[in-house]
Amino acid sequence: LRTSPRPLCAATQQKNNGQNLEEDQSQSQNEQKAETSSAEKLLAEEKAQLEEQLKEVTDKYKRALADAENVRQRSQKLVEEAKLYGIQSFCKDLLEVADILEKATESVPKEEIKDDNPHLKSLYEGLVMTEVQIQKVFKKHGLLRLDPVGAKFDPYEHEALFHTPMEGKEPGTIALVSKIGYKLHGRTLRPALVGVVKDP
């Protein structure tokens, strides 16, 4: 009779061991699930951070590209303007020469230019030819005359020396040009000095 309880105890013990094993397994599965879900959360957070960093870097890269393109365009524009307007101060100096030539040809009395006065005639013709040639050179390099008699007064192209009433002329138009103006590639290099018609 004493031996029979042992197998019964052994069976109970085995049954208990089986239950403990199942509990351990379910507990370890729960722990694994918890670890997996926390690892997934960490990975999701890391992914979100990396995506945000990528977005920031991409934005910075695009801005840097845009800035570099703006600098390139600005530099190109400056180089082009330097090519066009680099001769500006030289042209201003030459305008004085053109003014002197013009005054010289205007000061010669027309009645004195005759065949019986060959020296004066040839000198005058030489001055006129020089004046024509200098205007051709000016035109070739984009320097154009502003002779605005009868045109509307424009403060960007003309400088008013005086205002005067004149019959038959519209107020605000230019009645007299005291000094010819010049434009270099569309930009006023020297405004024309003018007299403007005013209301009587």
Side-chain angles (χ1 to χ4, degrees), residues 60-115 117-200:
K60 285 179 183 176
Y61 173 70
K62 284 179 181 175
R63 279 197 208 103
L65 275 181
D67 287 345
E69 181 61 20
N70 287 341
V71 167
R72 188 191 67 77
Q73 286 177 352
R74 246 182 272 128
S75 301
Q76 189 175 357
K77 189 178 178 185
L78 287 172
V79 167
E80 286 169 5
E81 283 186 357
K83 283 179 187 174
L84 284 177
Y85 303 110
I87 58 169
Q88 192 167 321
S89 60
F90 179 66
C91 287
K92 274 187 178 178
D93 293 340
L94 278 180
L95 293 184
E96 299 303 320
V97 177
D99 290 342
I100 291 167
L101 277 171
E102 192 176 355
K103 293 287 182 206
T105 53
E106 285 173 1
S107 66
V108 176
K110 300 293 183 273
E111 63 275 4
E112 295 293 322
I113 304 165
K114 300 175 186 171
D115 288 333
N117 197 348
H119 297 297
L120 182 62
K121 186 179 178 184
S122 61
L123 179 64
Y124 176 77
E125 286 172 354
L127 286 172
V128 169
M129 285 185 345
T130 307
E131 194 180 356
V132 168
Q133 189 59 37
I134 202 167
Q135 289 301 326
K136 279 183 185 175
V137 171
F138 285 171
K139 194 171 183 178
K140 179 182 173 185
H141 292 281
L143 188 62
L144 301 174
R145 280 168 62 103
L146 291 174
D147 193 358
V149 175
K152 275 274 186 192
F153 177 77
D154 181 354
Y156 294 105
E157 295 183 358
H158 315 129
E159 188 178 323
L161 295 177
F162 59 89
H163 290 80
T164 181
M166 284 187 86
E167 284 186 23
K169 297 270 186 180
E170 187 184 340
T173 57
I174 293 165
L176 178 83
V177 176
S178 173
K179 197 172 193 179
I180 296 290
Y182 284 88
K183 270 185 160 186
L184 179 62
H185 296 291
R187 183 189 288 179
T188 303
L189 185 65
R190 183 180 79 183
L193 303 181
V194 298
V196 183
V197 179
K198 71 172 182 179
D199 290 318

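Throughout, numbering of the chain's residues begins at 1 and tracks the sequence. What's counted below: heavy atoms across the whole structure, side chains too, no hydrogens, waters or symmetry copies.
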Item to check | Nearest-0.5 Å distance, CG of residue D147 to NZ of residue K179 | outcome: 14.0 Å

Checklist entry - Checking S178 side chain against L193 main chain: does a donor-acceptor pair fall under 3.5 Å? => result no

Next on the checklist: Return the CD1 to CG distance between I87 and L184, rounded to the nearest 0.5 Å.
Outcome noted: 5.5 Å

Checklist entry - Just wondering, do L146 and V177 contact through their side chains at under 4.5 Å, heavy atoms? => result no

Checklist entry - Considering residues, nucleotides and ligands other than E111, do more than 12 of their heavy atoms fall under 6.0 Å from its CD? => result yes

Item to check | Qualifying residue, where the test is side-chain contact (heavy atoms from CB on, under 4.5 Å) with L127 and the options are V132, L101, I100 | outcome: L101

Next on the checklist: Set out, in order, the CA-CA distance, both residues' side-chain angles and the distance that settles side chain to side chain contact (heavy atoms under 4.5 Å, CB included) for K121 and E125, then state yes or no.
Outcome noted: CA-CA 6 Å; K121 186 179 178 184; E125 286 172 354; 3.2 Å; yes

Checklist entry - Out of curiosity, Q88 CD to R190 CZ, how far, rounded to the nearest 0.5 Å? => result 13.5 Å

Next on the checklist: So V197 and E170, do their side chains get closer than 4.5 Å, heavy atoms only?
Outcome noted: no

Checklist entry - Does F138 have any ring-ring contact (aromatic ring centres under 6.0 Å, His included) partners at least two apart in sequence or in another chain, and if so, which? => result Y182

Checklist outcome for this item: Closest heavy-atom pair, E112 versus L120, reported as atoms and distance to 0.1 Å, is CB-CD2, 3.6 Å

Item to check | Distance in Å, I180 CD1 paired with L144 CG, rounded so as to fall on 0.5 Å steps | outcome: 12.5 Å

Checklist entry - Parallel under 30°, tilted from 30 to 60°, perpendicular over 60°: which one fits the rings of F153 and H158? => result tilted

Next on the checklist: Any heavy-atom pair between the side chains of L65 and E69 that's under 4.5 Å?
Outcome noted: no

Next on the checklist: Within a 6.0 Å radius of atom NZ on K110, are there more than 12 heavy atoms belonging to other residues, nucleotides or ligands?
Outcome noted: yes

Item to check | Heavy-atom check, side chain of E96 versus side chain of D99, under 4.5 Å | outcome: yes

Checklist entry - Rounded to the nearest 0.5 Å, how far apart are CG of L143 and NZ of K183? => result 12.0 Å

Checklist entry - Should Q76 and R72 count as side-chain neighbours, where that means a heavy-atom distance under 4.5 Å? => result yes

Item to check | 4.5 Å side-chain heavy-atom contact, L95 and L189 | outcome: yes

Checklist entry - Counting N and O atoms only, with roles assigned by atom type, does the side chain of Y85 sit under 3.5 Å from a partner on the main chain of H185, one being a donor and the other an acceptor? => result yes

Checklist outcome for this item: Between A104 and S107 the two heavy atoms that sit nearest each other are O-OG, 2.8 Å

Checklist entry - Should E131 and E102 count as side-chain neighbours, where that means a heavy-atom distance under 4.5 Å? => result yes

Item to check | Straight-line distance of E159 CD to T188 OG1, nearest 0.5 Å | outcome: 11.5 Å

Checklist entry - Would you call V137 and Q133 a side-chain contact if the rule is heavy atoms closer than 4.5 Å? => result yes

